[in-house]
Structure formats: structure tokens, C-alpha cells
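Have a look at the structure below, then the notes.
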Amino acid sequence: MRTATLGPKQRAESLAAMAERELDVLVVGGGVVGAGTALDAVTRGLNTGIVEARDWASGTSSRSSKLVHGGLRYLEMLDFALVREALKERGLLLERLAPHLVKPVPFLYPLQHQGWERLYAGSGVALYDAMSMARGHGRGLPAHRHLSRRHALRVAPALRKDALVGAIQYYDAQMDDARFVATLVRTAVSYGAKAANRARVTGFLREGERVVGARVLDVEGGGEYEIHAQQVVNATGVWTDDTQAMVGERGQFHVRASKGIHLVVPKDRIHSTSGLILRTEKSVLFVIPWGRHWIIGTTDTDWDLDKAHPAASSADIDYLLNHVNSVLAVPLSRDDVQGVYAGLRPLLAGESDATSKLSREHTVAHPAPGLVVVAGGKYTTYRVMAKDAVDEAVHGLDMRVAECVTEDIPLLGAEGYRAMWNARARIAARTGIHVARVEHLLNRYGSTADELLDLIAADPSLGEPLAAAEDYLRAEVVYAASHEGARHLDDVLTRRTRISIETFDRGTRSAREVAELMAPVLGWDKDHIEREVEHYEKRVEAERESQLQPDDLTADAARLGAPDIVPL
């Protein structure tokens, strides 16, 4: 079984190795596109490095709707190419690349008009299924079906009877977006890539007009490195323009940030065995099953304030509650909301009519010799974006480079996952861990769950759940710090687990226990533990305060009341 470790020792070694020898490709940005680009490059045989200023997936790639989907609404816009491409990627992820991380999820689309709407919506969903099957990657999902109002209300008793005349049910897929990115990075490292988070690019190295690398600050240790590379790929999402400004080159396009917020509510607040997709005046609204919770989202508003910590305002929360309550028999209130998170979509805003229409499409450019920029796109098509970025970078390499092979590279944990899933009862009997816990580990780590089971075998106390977040085992916290690159308490509570949005206390009651579990791995003393806990509590306090503010400006100011933690 292939594996990789992103612990403190490996991070330090990666930074030193990147500075020691010229890379073929240096990727800047540790979101899904950057991580995918690193995996694409290293599996072509290129000497590859990737750096991320904060934590893996700390930006857009941990704050999505958690869906892997073709984009049903893009059919309505007649964007068949984008839908076809996304459906192919959805199928690859479900069946071959990441079956342990990407799972089918049903959605119910309530119909509100007799006759024409069923024909119109039904034709669209039928085309969606047909396009998926035509690419040979749709067999893993059930076909759509038409439901009467009575049948739809049996599937989703939470709906008001007068909110629908019938429904259509179809399937898409979902994943934990931050966990997916961490797995991508570990997969790239398992093939030989060097990776370091908390490593910020402060400038680019130049030889004349050519970009030949980057200056990188180790945010944790304070050292500065000069990392040379034949090609640098800028995959920084909503920070693309900021990164480009360091080079001084004017790009052919700009990236506009669009804010989307999501609410998390307990599963028992909405009685349904299916997710929901609802029309709004602007777009669509999803109610997505999420373990013992529902995710409700999203909004779509311009954002030109702090990119690192986009804030959800009171108006954003009211918008989502009002729209979902329009179809629910028992409306949701603010008291039902366990978690709130806000993310920024990187939308292309070109300087001409042609590029401004790109929107959710992606583009790749070579604005200066030695520098490739990839921007736009959607989470589901990250692999295609990565392939296009590396294809562009290859033009600037003085060597013969293999074609992209990531269609056939399963992510870490995929190999052997199905066999372990079939043997889960035996694993439970052998380890003494309840089968439900074994299933939980398999669906988060795939076959690398063995590594967590080894931790528990060595220290049975790690097989216990966290006291204030019982969905997660103590071993998962230790593993996050030792194997998954978690450097701070926030990394574990917000991204390696989802405790920050899945508990009413937003993770504050778990903070000390989690910090104490991380401490031995990361070498923290008691003072450091106190700083981590205090910082996290201030972060939650600032987020709660921002969510009471009436608009973006005041919400942003409140959220910035808690600064990022900086190690002493």
C-alpha cells in the first residue's frame, strides 16, 4: 500500500530539498488545483515542489458545497462542454480515483407547476444522466426518477404539502473537500513531490524577463529560502491577481471573488431521506446530507474585502433561512444553526467580452517566461485544470515529458479500500472497535485507515471518541498532526475534522483536548497549548460576532478582530 507522511520532520526536509536543487516545476498554492497540479507534474516524472502560505485547502477548497457534480444548472445555460467534462470527472472520482472519499448523494427537485415543468426539468435531468452514461462513467449512480407529490412527501416529509405538485429525484456525488485536498497532496508526496504548508511566497526570482523560482518564507520557523525552478505554476485561486502583482506582469484576465456562505444544521431538523435542490431568483439552493447534519447553501455575492477570512453577515444567514423555510413545513430558526462557513469562488473577469464570459470555465496563461497561471474553473474539474497547467508548463521545459496519467492514478487510500470495506466486520472484531467506527475511518482514510488502527493498537486510549465531538476518534487528531500536515489547532478543528461547523459550541469545548493530543507530535509546551486554545476561542468569538452584523463591511471588520496565529 502506497503511503506518505506530512509530519514536521518531512516538512522541514521538503523545504531544505526544494532550496538545494532546482525543480522542474514549483507549484504555488495548496488548494485543489495546486495539489492536483503537483500530482500531475510528479506523475509525469518531473521534479516537483508545492508550497502553500497557510494550510492545505485553507481557502476556497475547504469552503465549498462539498459536491462533485456535473453542474445541472449549466445545462440550462447550454454549456454542454462544461457539463460533459465535469460528469466525466465525477465518474472517474467515484469509480476509480477516490471511491473512499467521493460518494453518491440523492437530490429531490420539487416541481411547483403542473405539466410543463415536469417535461422541462425532466428533459434536463434525463439529458444529464444520458451525458454521464455516454462517457462510460455514469454506471455507479442510479438513474433519475419521477415522483408524484405523495411519493415525494414520503421521501421528504419535511416539505410543505403546498410547496410541490410532484418531484424528480436524481443523483450526484459529494466529498469532504479539505480532506480530499490533503489526500491529493499526500498522494503527490508519495510519488516524490516535495510539499510544505505555512510557506509563503514573498517574491519571484528573475533572470531578465524570465521567472526562475520564488523566495519562500517559512512562516513557522522564520527562515527564508530561494527555490529555483524551470517553471513556476501560479495556482492561487482568488489570490491570483495578488500573486501576479509580485511579477509585475499584467495578465490577460483577472480573478473576481464571489462569496458563498453555507449553514450547517442537525439532521433531525429536516426530515428527509434525500437532499433537496431548490430554485431561487438568482440560482439554485442545495440542502445536502452531511453525516448527522445538513449543509444549506449557497449565496453568490461580490466580495472585495479580506480574502483569507470571508465573513458571513446576518443578511447572508437570513437569505438562506428565508429561502429554505419557503418549502419546509417546520421552519428553521437561528437557534437551529450549528455552523456557518463562507468561501470565495474564483471567477474569471476578463478585460474583453470574450474572457468575461468565461465565468466557471478555467483558463491557463503564460504571462512571462517561466511562469504559468491557472485560474477559474470548479472543484469537480480540478484534474483537467491541473493537466492543462502542466501541459502549458511543459512547453517551457527543455526535455521530453510524458503525457498526463492522472486518469489512472488512484488517490492515497483508494487501493484496497473496497476489499477493506467488505471486511469491515472482521476488522471490527479483530481490533475491538465498533463496526460503525471502522466504517467512519474507511470513508475518511480508505485503506490508510490501517495506519490509524496501528496508532490505536499502540495506545488504546486513542480509540476513544473526543469528549465533546463524539463523531471523531482521538487517533484522528494525532494522525492529522503526524501524517496530514496539521500545524495548528485550527487546522484540525476546521479542516482535518469538521468539528468547527458540526457542533453548537463551534469546537471550543474540544479545543483543549485536541491541542493536548497534538502537542507531543509538534513539540508544544504548556504555554504553546494555551496560545493555541486562546487563539481558537478568539477566532470563534470573532466569527460569531461577524454573523450578527448587518452587512459585509461590518461583518468583515468583526471577523478581523481575531488575527491569524503566528508561532513564537
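Values below: all heavy atoms of this structure, side chains included; hydrogens, waters and symmetry mates excluded.
Remark: side-chain polar atoms of S333 are paired, donor with acceptor, to backbone N or O of D335 under 3.5 angstrom. A distance-only check finds no donor-acceptor pair linking the side chain of D177 to the backbone of K66 [under 3.5 Å]. A donor-acceptor pair under 3.5 Å is formed between the side chain of R474 and the backbone N or O of S461. In this structure, the side chain of R496 does not engage the main chain of V477 through any donor-acceptor pair within 3.5 Å. Judged purely by atom type and a 3.5 angstrom limit, D172 has no side-chain atom pairing as donor or acceptor with the backbone of L67. A distance-only check finds no donor-acceptor pair linking the side chain of T183 to the backbone of L412 [under 3.5 Å]. With hydrogens and angles ignored, the 3.5 Å screen pairs a side-chain donor or acceptor of R63 with a backbone N or O of S58. Checking side-chain atoms of Q174 against main-chain N and O of P289 turns up a donor-acceptor pair under 3.5 Å. A donor-acceptor pair under 3.5 Å is absent between the side-chain atoms of R269 and the main chain of D336, judged by distance alone. In this structure, the side chain of S272 does not engage the main chain of A158 through any donor-acceptor pair within 3.5 Å.
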Open item on the list: Before you tell me yes or no, could you show the steps for L453 and I427 under side chain to side chain contact (heavy atoms under 4.5 Å, CB included), namely the whole-Å CA-CA distance, both residues' side-chain angles and the distance that decides it to 0.1 Å?
Closed with: CA-CA 9 Å; L453 295 174; I427 294 170; 3.8 Å; yes
- [ ] Start with the C-alpha gap between R498 and D471, add the side-chain angles, then the distance that decides, and say whether salt bridge (charged side-chain N to carboxylate O under 4.0 Å, His left out) holds.
- [x] CA-CA 10 Å; R498 294 303 189 157; D471 285 352; over 6 Å; no
- [ ] Could you walk me through whether W56 and E484 pass side chain to side chain contact (heavy atoms under 4.5 Å, CB included), step by step?
- [x] CA-CA 9 Å; W56 305 119; E484 296 182 329; over 6 Å; no
TODO: Go through R487 and D55 one step at a time and tell me if the salt bridge (charged side-chain N to carboxylate O under 4.0 Å, His left out) criterion holds.
DONE: CA-CA 8 Å; R487 302 286 304 171; D55 185 27; over 6 Å; no
TODO: For the pair K88 and E407, evaluate salt bridge (charged side-chain N to carboxylate O under 4.0 Å, His left out) and give the outcome as yes or no after the intermediate values.
DONE: CA-CA 10 Å; K88 177 191 173 184; E407 251 190 60; 2.8 Å; yes
TODO: Run the numbers on S500 and R539 for side chain to side chain contact (heavy atoms under 4.5 Å, CB included), then give the verdict.
DONE: CA-CA 11 Å; S500 66; R539 194 207 93 159; 4.1 Å; yes
- [ ] Kindly determine whether K259 and L305 satisfy side chain to side chain contact (heavy atoms under 4.5 Å, CB included), including the steps that lead there.
- [x] CA-CA 10 Å; K259 184 180 72 168; L305 301 169; over 6 Å; no
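When H535, R495, R54 are each tested for a side chain to side chain donor-acceptor pair (under 3.5 Å) with D490, only one passes: R495.
Residues L320 and V324 form no side-chain contact, since every pair of their non-hydrogen atoms from C-beta on lies 4.5 Å or further apart. A heavy-atom distance below 4.5 Å is not found between the side chains of M175 and L93. D388 has its side chain out of reach of V374: every pair of non-hydrogen atoms, C-beta onward, lies at least 4.5 Å apart. With a 4.5 Å cut-off on side-chain heavy atoms, L441 and L473 count as touching. Side-chain contact between L72 and V284 is absent, with no heavy-atom pair separated by less than 4.5 Å. Side-chain contact between T60 and P346 is present, with heavy atoms from C-beta onward closer than 4.5 Å. Residues D306 and R559 have side chains not in contact (no heavy-atom distance under 4.5 Å, counting atoms from C-beta outward). Residues S65 and I295 are not in side-chain contact: their nearest non-hydrogen atoms beyond the backbone lie 4.5 Å or more apart.
Considering OG1 of T187 and CG of L97, their distance stands at 10.0 Å, rounded to 0.5 Å. The NE2 atom of H440 sits 6.0 Å away from the OH atom of Y445 when rounded to the nearest 0.5 Å. Here the straight-line distance linking atom CD1 of I261 with atom CG of D300 works out to 12.0 Å at 0.5 Å rounding. A distance of 10.0 Å separates CG of L276 from CD of Q169, quoted to the nearest 0.5 Å. In this structure, I50 CD1 and T37 OG1 are separated by 7.5 Å, a value rounded to the nearest 0.5 Å. The structure places CG of L141 at 9.0 Å from OH of Y128, a figure rounded to the nearest 0.5 Å.
Not counting sequence neighbours, H69 has no partner by the ring pair (Phe, Tyr, Trp, His ring centres under 6.0 Å) test.
Y417 and P99 get closest at one heavy-atom pair: CE2-O, 3.7 Å. Considering every non-hydrogen atom in both G70 and L87, the closest pair reads CA-CD2, 3.8 Å. In this structure, T298 and L285 approach most closely via the heavy-atom pair N-CD1, 3.8 Å. Smallest separation of non-hydrogen atoms from L455 and A475: CD1-O, 4.1 Å. Taking all atoms of both residues into account, the shortest heavy-atom contact from S62 to A178 is CB-CB, 3.7 Å. Nearest heavy atoms, V185 versus A195: CG1-CB, 3.9 Å.
The number of heavy atoms from other shown groups lying within 6.0 Å of CZ (R334) is above 12. Under a cut-off of 6.0 angstrom, the local environment of NZ in K538 is sparse, with at most 12 non-hydrogen atoms contributed by other residues, nucleotides or ligands. For R544, the CZ atom counts as densely surrounded, since its 6.0 Å shell holds more than 12 non-hydrogen atoms of other residues, nucleotides or ligands.
If you check the side chains of Y109 and R279, you find a donor sitting under 3.5 Å from an acceptor. Residues T497 and E476 bring no donor and acceptor atom of their side chains to less than 3.5 Å of each other. Under the 3.5 Å distance criterion, with hydrogens and angles disregarded, no donor-acceptor pair is assigned to the side chains of R186 and T448. Using a 3.5 Å distance cut-off with no hydrogens or angles, the side chains of R509 and T503 do not pair a donor with an acceptor. A donor-acceptor contact closer than 3.5 angstrom links the side chains of S313 and D316.
Look at R506 and E543 and you find no salt bridge, because none of the NZ, NE, NH1 or NH2 atoms lies under 4.0 Å from a carboxylate O. The pair R198-D491 meets the salt-bridge criterion, with a side-chain N (NZ, NE, NH1 or NH2) lying under 4.0 Å from an Asp/Glu carboxylate O.
Relative ring orientation between Y379 and Y382 is described as perpendicular, the plane-to-plane angle rising above 60° on a 0-90° scale split at 30° and 60°.
With W421 as the aromatic partner, R418 does not meet the cation-pi criteria of under 6.0 angstrom to the ring centre and within 45 degrees of the ring axis.
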Atom pairs and distances, donor-acceptor, side-chain atoms in residues 337-344, under 3.5 Å, two or more places apart:
unit_1, atom_1, unit_2, atom_2, d
Q338, OE1, H293, ND1, 2.9
Q338, NE2, E502, O, 3.1
Y341, OH, S64, O, 2.7

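Here Y536 and H488 keep their ring centres 6.0 angstrom or further from each other.
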